[in-house]
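A short worksheet on the structure shown next.
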Amino acid sequence: MKLRTRHLIVAAALFASAAAFAQTTVQDAWIRGTVPQQKATGMFATVTSASGGKLVAASSPAAGVVEIHEMAMEGNVMKMRAVPGLDLPAGKAVELKPGGYHVMMMELKQPMKAGETVPVTLVVEGKDGKRESVEVKAVVKALAPQHEGMKH
Amino acid sequence: LQEHPVKSIERVVRDSTPSNPAQRSGVTRRSALAATVSALAPGLGLIGCTKTSAFHAVDVTGAAWGRDFRLRDPSGRERTLADFRGRAVLVFFGFTQCPDVCPTALTRAAEVMRQLGDDGRRLQVLFVTVDPERDTPELLRSYTHAFHPDFLGLWGDLDQTAAAAREFKVVYTKVPTGSSYTMDHTALSYAFDPAGRLRLAVRHAATAAEVTQDLEILLAA
């Protein structure tokens with residue numbers, strides 16, 4: 001864990017210097033792999049807006065339709081909805097992860113193969129109403145992670 | 001014998017469902033069911049926590065539902081529960097365009113297979129699609145195989161799918177999004193013992209270790 005903390009500090013320092021150029025940073029972006037004929041999947045990532053804003057849209061050349069979705073369990077029923085935007089409080093790392101938010105990629109143009117990187121553009125609207133496009137290279141992970149322990 | 005709490009839940013679900021099949025069309029009924037199940041869900045949670053049970057999952061032994069299904073495997077062969085007698089069976093209803101809960105549930109099931117070791121061969125995992133219009137048999141096959149080569153995808157036409165879901169009190173609804181649609185659906189996994197009796201409703205939040213422990217009990221009996 002110590003090593004991880006140090007990494008985070010280094011990352012934070014790097015982030016601080018990068019923030020002068022970019023309001024929004026995206027880390028650990030990954031897409032769940034698909035099998036042929038499967039036309040939809042999700043992208044997950046950690047998004048941080050230095051001065052705060054809202055993730056309002058996304059696009060990718062790999063998918064016909066890309067939306068910001070929220071997954072929620074209502075009792076034992078899973079519900080998934082497109083949301084108009086996801087709040088990014090200033091300086092706070094917001095996780096898009098299984099069990100919460102994801103970037104829903106539909107009408108996939110080809111299967112997402114593990115190991116490939118896929119470009120995704122996230123659009124963040126600042127408090128001043130200005131829109132910033134963030135180019136992300138998302139890594140495709142296997143549909144079924146091998147021997148990955150479940151953590152809750 | 002004390003009445004099982006799940007039976008009273010069952011009655012509420014049944015009473016809220018129009019008995020005339022002609023009224024059982026589409027969205028209204030599904031919404032009503034979804035609402036009922038949502039309202040009951042905290043109760044289900046409570047049962048799991050307060051009842052003295054050997055299981056982590058909700059014990060639904062003796063339920064008068066979830067008795068059987070009649071669906072097809074990817075090769076087109078008709079399948080019923082009797083095909084898997086002698087093995088524990090874990091059933092999950094979902095769809096392949098699902099980015100989150102379905103892969104999570106199937107990844108957990110694959111991890112359970114691994115944790116069971118040699119006993120994993122005595123477990124059959126079934127994935128029933130609630131989206132048969134898009135989940136072709138070939139897609140179902142490649143999707144389930146990505147998680148484990150022994151997992152079996154099951155499908156039916158719209159009526160057969162609805163009948164199977166109804167039998168398991170599974171609710172599912174098409175939700176339009178973009179130019180396409182997604183599905184809301186019950187995210188419980190159901191476990192049968194090797195004698196073919198429905199025993200457990202496993203919540204989505206259950207860990208692989210918890211499911212493994214529960215299945216070890218079912219397999220030891």
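Naming convention: chains lettered A, B, ... in sequence-line order (proteins, then strands); numbering from 1 in each chain.
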Over all atoms of both residues, closest heavy-atom pair of A146(B) and A144(A): O-CB, 3.1 Å
Once you round to the nearest 0.5 Å, how far does CG of L139(B) lie from CD of Q38(A)? 6.5 Å
Closest non-hydrogen contact found for P103(B) with R32(A) is CG-NE, 3.4 Å
Closest approach of M80(A) and V175(B), non-hydrogen atoms and distance? O-CG1, 4.5 Å
To check you understand the geometry: which heavy-atom pair defines the closest contact between D184(B) and R81(A), and what is its length? OD2-NH2, 2.7 Å
Is H204(B) close to M73(A) at the side-chain level, that is, under 4.5 Å between some pair of heavy atoms? yes
So, the part of Y181(B) with a heavy atom under 4.5 Å from chain A: the answer is neither
Side-chain heavy atoms of H69(A) within contact of P99(B), under 4.5 Å: no
Rounded to the nearest 0.5 Å, what's the gap from OH on Y143(B) to OG1 on T34(A)? Could you check? 10.5 Å
Q37(A) side-chain N/O to E138(B) backbone N/O, donor-acceptor pair under 3.5 Å: no
So, do E67(A) and T177(B) sit near enough that their side-chain heavy atoms are less than 4.5 Å apart? yes
Atom pair CG/OG1 of N76(A) and T186(B) - distance to nearest 0.5 Å: 7.5 Å
Got a list of side-chain donor-acceptor pairs under 3.5 Å for residues 93-114 of chain A, not counting sequence neighbours?
{"residue": "E107(A)", "atom": "OE2", "partner": "S179(B)", "partner atom": "OG", "Å": "2.4"}
{"residue": "K109(A)", "atom": "NZ", "partner": "P61(A)", "partner atom": "O", "Å": "3.4"}

Would you call P145(A) and T107(B) a side-chain contact if the rule is heavy atoms closer than 4.5 Å? yes
